[in-house]
Amino acid sequence: MKKFSVVIAGGGSTFTPGIVMMMLDNRDRFPMRELVLYDNDEKRQAVLGEALDILIKEQAPELKFSYTTDPEVAFTDRDFCMAHIRAGQYDMREKDEKIPLRHGVIGQETCGPGGIAYGMRSITGMLEIIDYMEKYSPDCWMLNYSNPAAIVAEACRVLRPNAKVLNICDMPVGTLRRMSQIINKQPQDLEVRYFGLNHFGWWTSVKDKEGHEYLDEIKDYVAENGYLTQVEVDTQHMDPSWQETHKKAKDLLAVNPRYLPNTYLKYYLYPDYEVAHSNPDFTRANEVMEGREKQVFTAAREIIEKGTAKNSNFHIDSHASFIVDLARAIAFNTHERMLMIVENNGAIANFPDDAMVEVPCIVGSDGVEPLAQGKIPNFEQALMYQQVTVEKLVVEAYIEGSYQKLWQALTLSKTIPSAKVAKDVLDDLIEANKEYWPELS
Ligand SMILES: NC(=O)c1ccc[n+]([C@@H]2O[C@H](COP(=O)([O-])OP(=O)(O)OC[C@H]3O[C@@H](n4cnc5c(N)ncnc54)[C@H](O)[C@@H]3O)[C@@H](O)[C@H]2O)c1
Ligand SMILES: O=P(O)(O)OC[C@H]1O[C@H](O[C@H]2[C@H](O)[C@@H](O)[C@@H](O)O[C@@H]2CO)[C@H](O)[C@@H](O)[C@@H]1O
Ligand SMILES: [Mn+2]
């Protein structure tokens, strides 16, 4: 079997160790000849790079491993780029979440004003790594899950329409794990129909391989418990704030009992509740900085100090094995069926062709083939149209340097009550992002 050369863009990511360990665990399905980490923060990446060098020498000595901040070294002779960059890192995530809360509106990583601010930063970083990839390895595929995936995907559509970039999200993967727990099945035994935007969608069918439909059974459970399950299947989300999010799915179902909701819809349908239950001085960014980020980097420093990864606190991110499934689909034309963020082009019959939608797709060596999801009802269609227009206005504002369009994007968001609040939030975000955003006028 061919051995592949992979670069992980955002090597300093808190997810890097778990994903690298998952890839080592999947070498039989996806053999690698070389793995390189790439980051634009040398100090941050070096901590994980040095620790992973020790681990790989112990667990996969045949694998050529390195880490670099040199784009030419990172992107030359690569088959795949797995991208999980965070423009502005956690310091800026904290500002994305706290600045809007100061104005009494949703502060969140990828949704509402926080997601818009993050999107305005991420486009620059994404274009940078896409251009490096195309310059140094023109045949390379980028499997991107840098956020905010909806705005990043729209920016790719407009600014790099021919780039070999696949935009994915693991929220549906995680929620399907929860659903499979609810009906005592394995996720791989289930096939779903789904439509929406990234972090803004609904399941319309959950069937097993025999064709049995479980949608109503799962809805009955979610109506009482949300997506909270007796056995915790999603270790990334044990923190109370995420447990609350999974529980809130019951209120999302209450307002739209037709389909099973993506948990992120709570920020759009219950913004007042979310603001009232947020701590403006300690948001999810703080939870992660004191949790996952501290845990991963402490584990890395312990490995470096001991000189061995034996009995380390690096944990495999087996949930992320869908990333290997995706790479295999491209490499071996496996026609894997996965939710992807793609240009609509009729997949949702009554929604704009040029919208970036999240739907089930068949993935093969030529890329992604969306599966038709038919027409969607008015309620979901109207919500999605409002949100996709916000996302499009953000990308236009980035390209044109338009203050007006970014103000319109914030004003149009279902998370913001008025143009006045939108302008006040925008002016604060501009100040906080002056190192990252394009000049607006
Ligand atoms: N799509 C999904 O479902 C999903 C799931 C989990 C995480 N994510 C995303 O993955 C990313 C990483 O998450 P994290 O919490 O580990 O972040 P992190 O801050 O720990 O790591 C991100 C890394 O990217 C680096 N970086 C930023 N801009 C860069 C650039 N232009 N070039 C190279 N490197 C750059 C940073 O220096 C940092 O080391 C985030 O965007 C996060 O939202 C997405
Ligand atoms: O608050 P965080 O940083 O812990 O998580 C934010 C991300 O949450 C989702 O990804 C989850 C996924 O849903 C879960 O099943 C598990 O795999 O962990 C992932 C990372 O926490 C969401 O899809 C991402 O876009 C968010 O960035
Ligand atoms: Mn996501």
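Values in this document were obtained by computation on a predicted structure and should not be read as measured data. For ligands, and for the atoms within them, numbers begin at 1 and follow the listed sequence.
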Is the shortest N/O to N/O distance between Val288 and ligand 2 below 3.5 Å?
-> no
Ligand 2 to Arg93, heavy atom cutoff 4.0 Å, flagged ligand atoms 1 (O), 2 (P), 3 (O)
All side chain to side chain contact (heavy atoms under 4.5 Å, CB included) counterparts of Tyr436, not counting sequence neighbours = Met92, Arg121, Asn433
Judged by modelled atom types alone, do Glu380 and Asn256 share a side-chain donor-acceptor pair under 3.5 Å?
-> yes
So, does His199 sit close enough to ligand 2 that a heavy atom of it is under 4.0 Å from the ligand?
-> yes
Flag Ser146 as yes when one of its N or O atoms lies below 3.5 Å from any N or O atom of ligand 1, and as no otherwise.
-> no
N/O to N/O below 3.5 Å, does that happen between Ala87 and ligand 1?
-> no
For ligand 2, is any non-hydrogen atom under 4.0 Å from Glu109's backbone (N, CA, C, O), its side chain (CB onward), both, or neither?
-> side chain
Residue pairs involving residues 158-201 (criterion ring-ring contact (aromatic ring centres under 6.0 Å, His included); sequence neighbours excluded) = Tyr194-Trp203, Phe195-Trp202, Phe195-Tyr259, His199-Tyr264, Phe200-Tyr268
Does Tyr145 reach ligand 1 with a nitrogen or oxygen that is under 3.5 Å from one of the ligand's nitrogen or oxygen atoms?
-> yes
Non-hydrogen atom of Tyr264 closer than 4.0 Å to ligand 2 | yes
Where at least one partner belongs to residues 156-177, residue pairs that pass ring-ring contact (aromatic ring centres under 6.0 Å, His included), sequence neighbours excluded | none
Would you say Asp170 touches ligand 2, if touching means a heavy atom closer than 4.0 Å?
-> yes
Counting no waters, what protein N/O/S atoms lie under 2.8 Å from the Mn ion (ligand 3)?
-> Cys169 SG, His199 NE2
